[in-house]
Amino acid sequence: MLVYARFTSRLKSASLKIRDRSMRLSKYFLPVLKETPADATIASHRYMLRAGMIKQNSAGIYTWLPLGHRVLKKIEQIVREEQDKAGAIEMLMPTIQSADLWKETGRYDAYGPEMLRITDRHDREMLYGPTNEDMITDVFRSFVRSYKDLPKNLYHIQWKFRDETRPRFGVMRGREFMMKDAYSFDLTEEDAVKSYNKMFTAYLNTFARLGIKAVPMKADTGPIGGELSHEFVILAESGESEVFCHRDLVEMAPPGDVDFDGDLSHIFEERTALYAATEEMHDAEEFAKIPADKQLTARGIEVGHIFYFGDKYSKPMKATVMDSDGKPQPVMMGSYGIGVSRLVGGIIEACHDENGIVWPKSVAPFGVGIINLKANDEDCAAAASDFYEKCKAAGLDPLYDDSSDRGGVKFSRMDLIGLPYQIIIGPRGLKEGIVEVKDRATGERQNLSPDAAMTLLTEAFA
RNA sequence: CGGGGCGUAGCGCAGCCUGGUAGCGCAUCUGUUUUGGGAACAGAGGGUCGCAAGUUCGAAUCUUGCCGCCCCGACCA
């Protein structure tokens with residue numbers, strides 16, 4: 001009993017501390033590949049395999065190895081924080097759903113072979129959820145009765161499965177993928193548009209925090225249905241579809257701190273006043289009206305998609321609330337998706353060079369990589385270890401390469417995994433009391449005292 | 001789902017056309033010398049050649065069927 005009490009009290013105190021995310025390479029699991037796997041053709045897939053982030057299990061299905069998992073979780077957390085800021089409420093729905101709800105909306109037949117259908121031991125029809133409109137509508141109708149409880153926006157971050165005919169490009173078009181999907185509920189279309197604008201705004205901030213430029217574009221609604229829809233698209237050569245937009249949209253600053261309870265229509269209008277459309281929605285005549293030097297035709301990666309679809313699901317599923325006149329009204333809905341696992345690949349497509357990945361600071365698996373050039377030299381080991389402990393204490397999430405590999409191996413491995421900063425500690429510099437700081441993105445190197453290097457790092461991550 | 005390609009050691013590949021019982025590079029293990037941009041030498045281990053059937057004295061190699069994976073297109077977070 002005493003032992004148990006002591007154990008639980010230790011757990012309690014541990015949970016109060018911020019999780020220690022630092023790591024010594026000798027203790028980590030980082031299976032990097034020297035040679036490029038034959039199956040990978042695009043940069044993000046190649047680098048994810050080479051950097052030991054993922055392992056393929058079958059077509060479009062991947063294991064997330066420790067390094068990849070770190071990035072996935074970082075992206076997930078940023079997405080979560082921005083959803084919360086916008087007033088969305090997190091929950092969690094299951095991956096396996098009953099076919100019954102899908103029959104209510106008619107989607108069980110409409111969805112087609114892309115939906116993975118399963119029968120359980122009692123021969124009940126089940127499915128691995130490709131999306132959750134039907135299920136969330138059921139949750140809503142089970143509990144909400146009054147217009148006074150609106151608006152509401154519920155979201156979860158959960159694995160989805162879509163049995164694509166042709167999964168490809170690693171996690172960019174996997175069959176199993178992690179998605180953040182939010183669902184808004186309003187009494188009127190006018191209110192629903194406000195909810196739509198909240199998510200529209202939150203998405204602009206989310207992608208900016210992730211270190212990428214995602215442009216909202218007028219989009220086709222597809223099988224989800226509805227009238228108002230935008231895709232958020234990263235421009236990259238390896239993009240799957242062609243997109244067209246006004247060049248100014250690409251560099252537009254994110255809204256930043258806004259009052260999500262206030263009027264956000266100006267943000268929506270500012271971003272949609274200029275032309276931007278995906279291939280399916282492209283209007284060549286409208287596009288031609290843009291000044292020639294502002295016309296941008298590019299390849300795009302869809303990382304987010306938002307829809308307004310009114311009562312498409314609430315009507316067949318009888319998800320109604322009483323309005324102020326005491327009359328039942330079908331609730332007006334929208335859904336808002338972000339491809340969390342796809343973003344890992346998408347960010348790499350936007351952020352890499354010939355040596356490997358160049359992570360934006362916000363999503364980097366570790367903040368700083370420490371290279372001890374001479375592991376068997378006592379002074380070097382002591383200096384590197386000391387620097388590691390200081391980074392750890394400063395919350396910089398350091399990865400300390402304490403392996404006995406040769407310098408060249410360490411350099412190329414660190415470049416490959418793409419941490420924003422490298423601290424290179426070797427006998428040569430140490431004699432003069434300096435360490436080398438390398439900025440992965442620019443390649444710029446500075447010789448600094450360990451203290452000055454720490455200052456540079458803490459300021460960079462402030 | 002239409003078209004194309006590929007499955008041989010952990011990874012990248014050769015061998016297959018013209019059947020004779022498997023090889024190269026990297027990686028791994030041991031040792032020595034090295035150590036600021038993927039070291040050198042010496043030695044060692046590791047493969048029912050995707051699976052199954054057939055042809056044959058004999059199959060990685062020829063035939064048929066199946067499975068898996070990749071690429072191009074049509075569809076999608």
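Residue numbers start from 1 in every chain, and the chains themselves are labelled A, B, ... in the order their sequence lines are given, proteins ahead of strands.
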**Asked** With no angle test and no hydrogens, is the base of B:G37 tied to the side chain of A:D415 by a donor-acceptor pair under 3.5 Å?
**Response** yes
**Request:** Look at A:R406 and B:A39 and indicate whether a side-chain polar atom (N or O) is within less than 4.0 Å of OP1 or OP2.
**Result:** yes
**Prompt:** Under the 3.5 angstrom rule, does the side chain of A:R247 hit a backbone N or O of A:L296 as a donor-acceptor pair?
**Reply:** no
**Asked** Can you check whether A:Q56 has a side-chain N or O nearer than 4.0 Å to OP1 or OP2 of B:C70?
**Response** yes
**Asked** Where the side chain of A:D401 meets the backbone of A:L25, is there a donor-acceptor pair that is under 3.5 Å apart?
**Response** no
**Request:** Sort out the partner of B:U32 for me: Watson-Crick or G-U wobble, both distances under 3.5 Å, none otherwise.
**Result:** B:A40
**Request:** Can you sort out the partners of A:E90 under salt bridge (charged side-chain N to carboxylate O under 4.0 Å, His left out), two or more places apart, ordered by chain and number?
**Result:** A:R80
**Prompt:** Strictly by modelled atom types, are A:E279 and A:S241 linked by a side-chain donor-acceptor pair under 3.5 Å?
**Reply:** no
**Message:** Distance check, P atoms only: B:G12 and B:G50, in whole angstrom units.
**Reply:** 14 Å
**Message:** Taking the P atom in each of B:A60 and B:A22, what is the distance between them to the nearest angstrom?
**Reply:** 9 Å
**Message:** Pairing check on B:C1: which nucleotide meets the Watson-Crick or G-U wobble criteria with it, both distances under 3.5 Å?
**Reply:** B:G73
**Request:** Write down the distance separating the P atoms in B:C62 and B:A74, rounded off to the nearest Å.
**Result:** 35 Å
**Message:** For A:S265 and A:N197, which I'm curious about, is there any donor-acceptor pair between the side chains at under 3.5 Å?
**Reply:** no
**Request:** Could you let me know what B:C62 is paired to, Watson-Crick or G-U wobble, both distances under 3.5 Å, or none if it's on its own?
**Result:** B:G54
**Fill in**
As its Watson-Crick or G-U partner within any shown strand, both distances under 3.5 Å, B:U48 has none
**Prompt:** Which of the following nucleotides, B:C71, B:C76, B:G12, is nearest to the side chain of A:A38?
**Reply:** B:G12
**Complete:** Checking N1-N3 plus N6-O4 or O6-N4 for Watson-Crick, or N1-O2 and O6-N3 for wobble, each under 3.5 Å, the partner of B:C11 is B:G25
**Asked** Counting only Watson-Crick or G-U wobble pairs whose two distances fall under 3.5 Å, which nucleotide matches B:C6?
**Response** B:G68
**Request:** Using only heavy-atom distances, determine whether the side chains of A:Y183 and A:H156 contain a donor-acceptor pair under 3.5 Å.
**Result:** no
Less than 3.5 Å apart, which donor and acceptor atoms pair up between the side chains of residues 344-353 of chain A and the rest of the protein, not counting sequence neighbours?
unit_1 : atom_1 : unit_2 : atom_2 : d
A:E349 : OE1    : A:S238 : OG     : 2.5
A:E349 : OE2    : A:S44  : N      : 2.7
A:E349 : OE2    : A:S44  : OG     : 2.7
A:H352 : ND1    : A:I348 : O      : 2.8
A:H352 : ND1    : A:E349 : O      : 3.3
A:D353 : OD1    : A:N355 : N      : 2.8
A:D353 : OD1    : A:G356 : N      : 3.2
A:D353 : OD1    : A:R440 : NH2    : 2.9
A:D353 : OD2    : A:R440 : NH1    : 2.8

**Asked** If you find the nucleotide of RNA chain B closest to A:P167 and the one closest to A:G339, which residue's nucleotide is nearer the 5' end?
**Response** A:P167
**Prompt:** Taking for each residue the nucleotide of RNA chain B bearing the nearest heavy atom, is the 5' side occupied by A:S412 or by A:T165?
**Reply:** A:S412
**Prompt:** Picking from B:G36, B:A74, B:C70, which would you name as closest to the side chain of A:F411?
**Reply:** B:G36
**Request:** Pick out which of A:L448, A:V435, A:L456 makes a side-chain contact (heavy atoms from CB on, under 4.5 Å) with A:I423.
**Result:** A:V435
**Message:** Could you tell me the Watson-Crick or G-U partner of B:C16, where both distances fall under 3.5 Å? Say none if there is no partner.
**Reply:** none
Pull out every protein N or O sitting under 3.5 Å from an N or O of nucleotides 24-32 of chain B, one pair per line with the distance.
unit_1 : atom_1 : unit_2 : atom_2 : d
B:G25  : N2     : A:E35  : OE1    : 2.9

**Donor-acceptor pair present, A:R50 side chain and B:G38 base, under 3.5 Å** = yes
**Given B:C71, B:G38, B:C69, the nucleotide with the shortest approach to the side chain of A:A59** = B:C69
**Message:** Between A:T41 and B:C71, is there a contact of a side-chain N or O with OP1 or OP2 at under 4.0 Å?
**Reply:** yes
